[in-house]
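Notes to accompany the following structure.
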Amino acid sequence: LQLDDDDALLLSRLWLEDDAHVGELEREHGVAIGFQPVEGLLSIRGEDAAYAARALRNLLARERPTELLLPCEATPLGLLKPADGAALQALRARCAPVEVAVVEAAVRLFAAGRLLPTAQEAAEAWMQEHREHSETCVCPPETHAVVLRELPALQRAHGVGMALEQMSL
């Protein structure tokens, strides 16, 4: 089996990090696997060689570094833009070990393919939590004085803008 340069390099890295992946495939399918990294040649000998080759290709697909761009609305994007900002650090922590960066109007996730679905879910949840949202709450007249007094502190504490308009907040 001839591997392209990227897959040969990936398999070399996987083999060096932990040869248990290959050993597991050999035991599971009753085959012997040989690999010549410089040439990108992979030899699989045994009765289930075709199944082992498919399993090896699936392993490479799961481990192949992959990029995913998630469109990002203006409000969460504004929070993420400062490269050293707390919002970007929080999103990176939530998506770890996936690499997270802001690229134009999108969030870029980069990691082994098997890690991306979980990171995508986490990033989309964060963007949903931080999207622009507007809500009106009825404010009874007897609470106006208290609300007006507490309004600046509430805005600072929650990072939102609020205004008292015609008995609604």
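What you are looking at is a predicted structure, and each value in this text was computed from that prediction instead of being measured.
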- Do the side chains of Leu69 and Leu109 get nearer than 4.5 Å, heavy atoms only? no
- Task: Using the side-chain contact (heavy atoms from CB on, under 4.5 Å) rule, take Thr75 and Arg131 through it: C-alpha gap first, then chi angles, then the decisive distance, then the call.
- Result: CA-CA 6 Å; Thr75 301; Arg131 69 177 172 67; 5.6 Å; no
- With Arg64, which of Asp7, Asp4, Asp6 fulfils salt bridge (charged side-chain N to carboxylate O under 4.0 Å, His left out)? Asp7
- Task: Taking atom CD of Glu132 as the centre, report whether more than 12 heavy atoms of other residues, nucleotides or ligands fall under 6.0 Å from it.
- Result: no
- Message: Could you measure the distance from the SG atom of Cys139 to the CG atom of Leu148? Nearest 0.5 Å is fine.
- Response: 8.0 Å
- Report the distance from atom CH2 of Trp126 to atom CG of Leu88, rounding to the nearest 0.5 Å. 8.0 Å
- Message: Can you give me the closest heavy-atom contact between Ala55 and Leu25, atom names plus distance?
- Response: CB-CD2, 3.4 Å
- Task: List in chain and number order the residues that pass salt bridge (charged side-chain N to carboxylate O under 4.0 Å, His left out) with Glu63, two or more places apart in sequence or in another chain; answer none if no residue qualifies.
- Result: Arg114
- When rounded to the nearest 0.5 Å, the distance separating CG of Leu11 from CG of Leu56 is 5.5 Å
- salt bridge (charged side-chain N to carboxylate O under 4.0 Å, His left out) pairs touching residues 24-36, sequence neighbours excluded, are none
- Residues pairing under salt bridge (charged side-chain N to carboxylate O under 4.0 Å, His left out) where one sits in residues 34-44, two or more places apart or in two chains, turn out to be none
- Rounded distance [0.5 Å steps], NZ in Lys81 versus SG in Cys72: 9.0 Å
- Task: Please report the shortest heavy-atom distance between Val100 and Cys95, naming the atom on each side.
- Result: CG2-CB, 3.7 Å
- Could you please spell out the steps behind the side-chain contact (heavy atoms from CB on, under 4.5 Å) verdict for Ser12 and Phe35? CA-CA 9 Å; Ser12 296; Phe35 180 49; 3.4 Å; yes
- Basic-acidic side-chain contact under 4.0 Å: Glu99, Arg92: no
- Query: Does the Thr118 side chain pair with the main chain of Leu115, one donor and one acceptor, at a distance under 3.5 Å?
  - Reply: no
- Mind listing the closest non-hydrogen atom pair of Pro140 and Thr143 along with its distance? O-OG1, 2.7 Å
- Query: If every non-hydrogen atom of Ala8 is compared with every non-hydrogen atom of Gly40, which pair is closest and at what distance?
  - Reply: CB-CA, 3.9 Å
- When rounded to the nearest 0.5 angstrom, what distance separates OG1 in Thr66 from CZ in Phe110? 7.5 Å
- Note on the structure: In terms of heavy-atom contacts, Leu1 and Ala53 come closest through CD2-CB, 4.3 Å
- Message: Is any side-chain heavy atom of Val102 closer than 4.5 Å to one of Arg108?
- Response: no
- Message: For the CD atom on Glu121, are there more than 12 heavy atoms of other groups (residues, nucleotides or ligands in this structure) within a distance under 6.0 Å?
- Response: no
- Message: With a sphere of 6.0 Å drawn around OH of Tyr51, does it hold more than 12 non-hydrogen atoms of other residues, nucleotides or ligands?
- Response: no
- Query: Considering residues at least two apart in sequence or located in another chain, which fulfil the salt bridge (charged side-chain N to carboxylate O under 4.0 Å, His left out) criterion with Arg54?
  - Reply: none
- Item | Approximate separation, where rounding is to 0.5 Å, of Leu116 CG and Leu70 CG | 9.0 Å
- Not counting sequence neighbours, which residues clear side chain to side chain donor-acceptor pair (under 3.5 Å) with Arg13? List them please. Glu17
- Query: Hey, are the side chains of Glu73 and Met127 touching, using non-hydrogen atoms and a 4.5 Å cut-off?
  - Reply: no
- Message: So, using side chain to side chain donor-acceptor pair (under 3.5 Å) as the criterion, who are the partners of Gln120 when residues are at least two apart?
- Response: Glu124
- Would you say Arg94 has more than 12 foreign heavy atoms packed within less than 6.0 Å of its CZ? yes
- Is the number of heavy atoms from other residues, nucleotides or ligands within 6.0 Å of CD (Glu104) greater than 12? no
- Between Ile33 and Trp15, the two heavy atoms sitting closest are O-CH2, 4.0 Å
